[in-house]
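Here is how names work: the chains are called A, B, and so on, in the same order as the sequence lines, proteins then strands, and each is numbered from 1.
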Amino acid sequence: MVDAARHPRIELMTYSEVKKCEGYVGNFHVMIERKPRYVQDSCNACRDCLEVCPIKVPSEFDLGLVYRHAIYQPFAQAVPTTFVVDMGSCIHCYKCVDACPMQSIDFSQKPHLSDVDVGAIIVATGFDPFDPSALSEYGYGRYADVISSMDLERLLDPGGPTKGDILKPSDFKKPKQVSFIQCVGSRDQNHNPYCSGYCCMSSLKTAIHIREKFPEVEVVIFYIDIRTPSKGYEEFFRRARKSGVIFIQGKPSEVAPAIPGHGLIVYTEDRDKGHPVEFRTDLVVLATGAVPSTGTNELSSTISVGLDENGFFREYHPKLRPVDSPTDGVFFAGASCGPKDIPYSVAQGSAAAARSSRILMNDTLVIEPIVARADAARCRNVEKKCGICALSCPFGAITAEPGKAAEINPAKCMGCGTCVAECPTGAITQAHFHDLQIYAQIHSYLKEGPEHKILAFMCWWCSYPAADNAGVNHLQYPASSRGIRVMCAGRIKRDFVFEAFRRGAGMVLVSGCHSQDCHYLTGQRYADKRMSAVTRRLEKLGISPERFRVEWISAAEGGKYSRVITDMDQTLKEIGPVRIQEENEKSLPGLEKRLAHVPDLIFSKQGN
Amino acid sequence: METLKEILAEYNLPARARSCYQCGACTGGCPVGRIRWDFNPRRFIEMLIRGELEDLLLLESIWLCSHCLTCLERCPQQIEVSEIIMHVKNCAARLGNVPENVIKMADLIMNQGWIDKPVKRMLKKRQGLGLPEQPEGIDSEERKALCRCLDWSAKMKAFKTGKSGGADGRFPVSNNKKGVRERAS
């Protein structure tokens, strides 16, 4: 941190908050509130003020194990070293002002805003430790000798409150036996369903530390599974076993005090023995997981980047783009988008730096040309409140202010086309995937013998590659299918399906990524909703529901693709062209009425 | 004929247990398990997941559950262990595999309205609290109505004959199953 602060090309803004963020990749305007420290930068951290300050409050950094003054330095290695006054506990006695040899203390400081223009943003807001008092059965906060793993870290720190000695908080005596309880609040449907990932290694580390520094202390780890998947981790686990740490498989159910003076009892099942055991111990350490850091919610709305179901930032794609946010030019590093250990955080931080320098290196930025464009003349938002497009855009590229036509920022648009399909007036078009282009494709595929054909709409990233995969793996499927490739399932309009049936298609398949894999975050969900409405409508029009299918097929599921097509082909043959033609004739008036705006692209030229 | 499969399909038990990762928090907190080691809720769930249903239904220990719901409270996967055990008991009962003491208890409740008569100390306590000397239990008219609704006498008979048929702890033999089917129809 000191190195970063000293670097000539890095400007650190500590004790600051992002208030507003506008613009797009390469051109972000960020408004940052600099909070007042009430101490000027001339402070040389001489600590004279600490001697006169009469206030003492529990120290946040030492997790309440010791006290700090109202004027304080958050921790010894803080950057900058400037002290800060905690206005919440200060009683304004001004003794520190008189004591300061540098005349640095200034109670008149006010928060001020600074504007910065940046090209890329890296979100590295970290995580907060889970508060284990939510699990009342472990008695954190009720029994002094039940502590969290962060508390233990402070105890073991040579510069910490006990100078690195491990002491029981109840009587300041050395414990004979320390028990770790793993997965506290993690992998728990009542609290955090995810695995926090680092707690196993952190407990192993502290367990080894205790065993090596205080060999007389017995260490027991109660665990569900010990997860040591990364490089060198399994070896570390072996080292922990060799150092004499005892591992008991079983999640403790309860911690209760034994008779006074005899520590605590951990109630658990010893799975290897297959029966419940009562385990007497002196100090219980709860290995707490990670929760999103305070303020993640506010920051997410400020920089308009969404959160996942656990409240962490959502990456663009969990496997393929784990560093990028859905907004171009915003990247994630470390635990801001999920709990991570140190090597993983460092890797992600470096990746984020490389990703952002890719943007900053160039004078101009080249983007994909497949963006959506809005026609102001046809936009409904001018007359009445609409904004459906802005809602459907997962990238925040569309602004639809009341009374004004919707505007699409091409730098933010990723080109999924969900807004195009959602627009009720057809005011939005997508370059390279224009409605007319797709209608032309539908028409030419269904020019001859449409009742024998399966028309498949496929998304760019999953379903089309799935068909490719089927081909590469030599998986046989009937030749009756014709594929139309769009960027995302969200682009597939209702009218595309209706038009296919109007042109006499035997079967229609709509396919895309699985919901969690959608390359445009929400496109699949819009498609799913839209297509279930289409299914209902088709039934009313008199088209049998077997003729319209919606399947979510990932790029690796070539087998599924070939199965679906084979299955559909069989159904097609079972229904037979006669019944299909009958149904089509019956539904034609309804479809004609609905599709009056669709021009006759191929059929008219051919004179059909 | 009600088969084991049909009965289990009705309760959908394995599906309700499948998210279990066998941490043992249910057993660690179980007040019955502390006294009787053969009562191990984690093990019951494991047997359900692995499909060892017939063995599970034969266990006498499943009848020890006191339904205090500590397991549900502690379960990190929100599995309703206690409710699943209740259903396992129902399955076992429908197949006629009920321990004798449980049948006796049920019979006592249906005939008298209580299992144990209040002891002297409890009577004193009741007096001190200003309660009537004898707890009312279930009114005899109500008991009769309940017995009629549940077809109690036929059930008791089936259980008793079933017990003699399957005395060696094996799964209900034919005459017992017949009794079960008659009740169901």
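- More than 12 heavy atoms of other residues, nucleotides or ligands shown are found within 6.0 angstrom of CD on B:E46.
- Annotation for B:Q77 and A:R187: closest pair NE2-O, 3.3 Å, computed over non-hydrogen atoms.
- Heavy atoms of B:R43 lying under 4.5 Å from chain A are absent altogether.
- Using a 4.5 Å cut-off between heavy atoms, B:C75 touches chain A through its backbone atoms (N, CA, C, O) alone.
- Heavy atoms from other residues, nucleotides or ligands lying under 6.0 Å from OH of A:Y344 number 12 at most.
- The number of heavy-atom neighbours closer than 6.0 Å to NZ of B:K89, taken from other residues, nucleotides and ligands shown, is above 12.
- In A:I342, the CD1 atom is not crowded: 12 or fewer heavy atoms of neighbouring residues, nucleotides or ligands sit closer than 6.0 Å.
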Check: Where do B:R74 and A:E269 land on the salt bridge (Lys or Arg N to Asp or Glu O under 4.0 Å) test, with the steps shown first?
Finding: CA-CA 13 Å; B:R74 303 277 157 81; A:E269 188 200 354; over 6 Å; no
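- When atom types are taken as modelled, the side chain of B:Y21 and the backbone of A:D225 share no donor-acceptor pair closer than 3.5 angstrom.
- Contact annotation for A:Q249: neither backbone nor side-chain heavy atoms come within less than 4.5 Å of a heavy atom of chain B.
- Listed options B:C71, B:P76, B:G28 were ranked by heavy-atom pairs under 4.5 angstrom with chain A; first place goes to B:P76.
- With respect to chain A, the highest number of heavy-atom pairs below 4.5 Å among B:Q22, B:R42, B:Q78 belongs to B:R42.
- Annotation: B:M122, atom CE; neighbour count of heavy atoms from other residues, nucleotides and ligands within 6.0 Å does not exceed 12.
- Heavy-atom neighbours of A:R238 CZ from other residues, nucleotides or ligands within 6.0 Å: at or below the threshold of 12.
- Taking chain A as the reference chain and counting heavy-atom pairs below 4.5 Å, the highest number among B:G24, B:G29, B:C23 is found for B:C23.
- Within a 6.0 Å sphere centred on CD of B:E60, other residues, nucleotides and ligands contribute 12 heavy atoms or fewer.
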